[in-house]
Amino acid sequence: MAKKSMINREEKRRKVVAKFAARRAELIARSNDTRLSEDERMDARMALQQLPRNASPTRLRARCALTGRGRGVFRKFGLCRNKLREVAMRGEVPGMVKASW
(Lines give C-alpha, C1' and ligand atoms only; values in the text may rest on other atoms or scores of the structure.)
Protein backbone atom coordinates (compact mmCIF):
# COMPACT_ATOMS: atom_id res chain seq x y z
CA MET A 1 0.00 0.00 0.00
CA ALA A 2 1.40 3.36 -1.01
CA LYS A 3 1.55 6.23 1.43
CA LYS A 4 -1.65 8.23 1.62
CA SER A 5 0.31 11.40 0.99
CA MET A 6 1.54 10.08 -2.37
CA ILE A 7 -1.94 9.00 -3.43
CA ASN A 8 -3.38 12.37 -2.40
CA ARG A 9 -0.59 14.25 -4.19
CA GLU A 10 -1.30 12.30 -7.36
CA GLU A 11 -5.02 13.07 -7.10
CA LYS A 12 -4.23 16.75 -6.65
CA ARG A 13 -2.05 16.65 -9.78
CA ARG A 14 -4.87 15.03 -11.76
CA LYS A 15 -7.19 17.89 -10.80
CA VAL A 16 -4.61 20.54 -11.80
CA VAL A 17 -3.99 18.81 -15.15
CA ALA A 18 -7.73 18.72 -15.85
CA LYS A 19 -8.13 22.36 -14.83
CA PHE A 20 -5.42 23.65 -17.20
CA ALA A 21 -5.89 21.15 -20.07
CA ALA A 22 -7.81 23.51 -22.33
CA ARG A 23 -5.46 26.44 -21.67
CA ARG A 24 -2.38 24.27 -22.34
CA ALA A 25 -3.86 22.95 -25.58
CA GLU A 26 -4.67 26.48 -26.77
CA LEU A 27 -1.18 27.79 -25.94
CA ILE A 28 0.53 24.83 -27.59
CA ALA A 29 -1.58 25.31 -30.71
CA ARG A 30 -0.70 29.01 -30.81
CA SER A 31 3.01 28.36 -30.34
CA ASN A 32 2.99 25.85 -33.22
CA ASP A 33 0.89 27.99 -35.57
CA THR A 34 3.21 29.18 -38.33
CA ARG A 35 0.67 31.75 -39.56
CA LEU A 36 1.23 33.85 -36.42
CA SER A 37 4.13 36.23 -36.09
CA GLU A 38 7.24 35.12 -34.26
CA ASP A 39 6.49 37.50 -31.37
CA GLU A 40 3.00 36.08 -30.86
CA ARG A 41 4.38 32.55 -30.91
CA MET A 42 7.05 33.52 -28.39
CA ASP A 43 4.40 35.09 -26.14
CA ALA A 44 2.44 31.82 -26.26
CA ARG A 45 5.56 29.87 -25.25
CA MET A 46 6.22 32.24 -22.37
CA ALA A 47 2.60 31.94 -21.19
CA LEU A 48 2.94 28.17 -21.36
CA GLN A 49 5.99 28.35 -19.11
CA GLN A 50 4.05 30.43 -16.61
CA LEU A 51 1.49 27.67 -16.04
CA PRO A 52 1.94 25.56 -12.90
CA ARG A 53 4.45 22.75 -13.23
CA ASN A 54 1.88 20.19 -12.13
CA ALA A 55 -0.40 21.22 -15.00
CA SER A 56 1.69 19.09 -17.34
CA PRO A 57 0.22 15.62 -17.99
CA THR A 58 3.70 14.09 -18.08
CA ARG A 59 3.96 14.59 -14.32
CA LEU A 60 1.12 12.15 -13.71
CA ARG A 61 2.02 8.68 -12.51
CA ALA A 62 0.10 5.50 -13.22
CA ARG A 63 -1.01 4.04 -9.89
CA CYS A 64 -2.65 0.75 -8.95
CA ALA A 65 -6.38 1.13 -8.35
CA LEU A 66 -6.28 -1.17 -5.32
CA THR A 67 -3.03 -0.34 -3.54
CA GLY A 68 -1.80 2.96 -4.99
CA ARG A 69 1.53 1.39 -5.95
CA GLY A 70 3.30 3.54 -8.54
CA ARG A 71 5.52 0.94 -10.20
CA GLY A 72 4.72 -2.09 -12.29
CA VAL A 73 1.22 -0.90 -13.22
CA PHE A 74 -0.46 -2.47 -16.25
CA ARG A 75 -2.41 0.19 -18.15
CA LYS A 76 -4.93 -2.26 -19.55
CA PHE A 77 -6.07 -3.38 -16.09
CA GLY A 78 -5.10 -0.43 -13.88
CA LEU A 79 -3.51 -2.84 -11.41
CA CYS A 80 0.06 -3.37 -10.29
CA ARG A 81 1.75 -6.65 -11.15
CA ASN A 82 1.23 -8.13 -7.67
CA LYS A 83 -2.50 -7.47 -7.49
CA LEU A 84 -3.00 -8.44 -11.14
CA ARG A 85 -1.45 -11.82 -10.38
CA GLU A 86 -3.69 -12.33 -7.34
CA VAL A 87 -6.83 -11.35 -9.25
CA ALA A 88 -5.86 -13.55 -12.22
CA MET A 89 -5.21 -16.54 -9.97
CA ARG A 90 -8.71 -16.18 -8.53
CA GLY A 91 -10.04 -16.25 -12.10
CA GLU A 92 -11.50 -12.74 -11.97
CA VAL A 93 -9.85 -11.54 -15.18
CA PRO A 94 -11.68 -12.92 -18.23
CA GLY A 95 -9.43 -14.69 -20.69
CA MET A 96 -6.31 -14.57 -18.52
CA VAL A 97 -4.88 -17.96 -17.64
CA LYS A 98 -1.65 -19.04 -16.03
CA ALA A 99 0.97 -20.00 -18.57
CA SER A 100 1.96 -23.66 -18.71
CA TRP A 101 4.17 -25.44 -21.22
Side-chain angles (χ1 to χ4, degrees):
M1 188 73 182
K3 296 190 318 186
K4 279 292 205 190
S5 61
M6 297 304 290
I7 296 171
N8 291 339
R9 185 182 302 166
E10 191 66 29
E11 186 59 35
K12 184 177 174 184
R13 279 190 184 135
R14 287 190 193 287
K15 289 178 184 174
V16 173
V17 167
K19 179 180 177 183
F20 287 97
R23 178 90 173 120
R24 280 185 67 82
E26 182 227 334
L27 288 172
I28 290 171
R30 283 184 48 208
S31 67
N32 292 334
D33 189 1
T34 55
R35 294 173 296 173
L36 297 177
S37 70
E38 196 60 39
D39 290 334
E40 290 173 328
R41 293 173 65 193
M42 183 59 95
D43 290 340
R45 283 189 215 110
M46 295 304 285
L48 190 62
Q49 288 179 2
Q50 297 302 315
L51 291 180
R53 190 174 278 184
N54 282 337
S56 174
T58 58
R59 290 180 60 96
L60 294 177
R61 179 110 188 166
R63 292 203 171 267
C64 177
L66 298 178
T67 62
R69 180 182 167 92
R71 293 179 178 237
V73 178
F74 286 77
R75 277 188 222 149
K76 185 173 182 179
F77 305 104
L79 299 173
C80 64
R81 58 189 175 82
N82 306 332
K83 290 299 174 182
L84 180 61
R85 183 174 187 273
E86 289 176 13
V87 171
M89 289 298 172
R90 289 194 304 258
E92 296 176 5
V93 181
M96 185 177 277
V97 293
K98 184 176 178 183
S100 60
W101 61 89

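For reference, positions follow the sequence shown, starting with 1. For clarity, every value in this text was computed on a predicted model and none was experimentally measured.
Heavy-atom neighbours of Met89 CE from other residues, nucleotides or ligands within 6.0 Å: above the threshold of 12. Within 6.0 Å of CZ on Arg59 lie more than 12 heavy atoms contributed by other residues, nucleotides or ligands. The environment of CZ in Arg90 is crowded: more than 12 heavy-atom neighbours from other residues, nucleotides or ligands sit within 6.0 Å.
The main-chain N or O of Arg53 is never found under 3.5 Å from a side-chain atom of Ser56 such that the two would form a donor-acceptor pair. Remark: the backbone N or O of Cys80 is not paired with any side-chain donor or acceptor of Arg69 at under 3.5 angstrom.
Of all heavy-atom pairs between Gly68 and Ala2, the closest is O-CB, 3.2 Å. Minimum interatomic distance between Thr34 and Arg41 (heavy atoms only, all atoms of both residues): CA-NH1, 4.2 Å. Among all heavy-atom pairs drawn from Ala44 and Ser31, the shortest one is CB-N, 3.9 Å. In terms of heavy atoms, Arg30 sits closest to Leu36 at O-CD1, 3.5 Å.
Interatomic distance, NZ of Lys76 versus CG of Leu84, reported as 10.0 Å (0.5 Å rounding). Taken from CG in Leu60 to CZ in Arg13, the straight-line distance is 8.0 Å, to the nearest 0.5 Å. Between the CZ atom in Arg23 and the CG atom in Leu48 there is a gap of 9.0 Å [rounded to 0.5 Å]. Separation of atoms CG (Asp43) and CD (Glu40) is listed at 7.5 Å; rounding is to 0.5 Å. For the atom pair CD1 (Ile7) and CZ (Arg61), the distance works out to 13.0 Å, reported to the nearest 0.5 Å. Atoms CZ and CE, on Arg63 and Met6 in that order, are 5.0 Å from each other to the nearest 0.5 Å.
Linking Ile, Leu, Val, Met, Phe, Trp and Tyr residues whenever their side-chain heavy atoms come within less than 4.5 Å leaves Val73 and Phe77 in two separate clusters. Side-chain heavy atoms closer than 4.5 Å link hydrophobic residues (I, L, V, M, F, W, Y) into clusters, and following such links, possibly through other members, connects Val93 to Leu79.
Between Leu51 and Leu27 the shortest side-chain heavy-atom distance falls below 4.5 Å. A 4.5 Å side-chain heavy-atom check between Lys12 and Arg9 finds every atom pair outside the cut-off.
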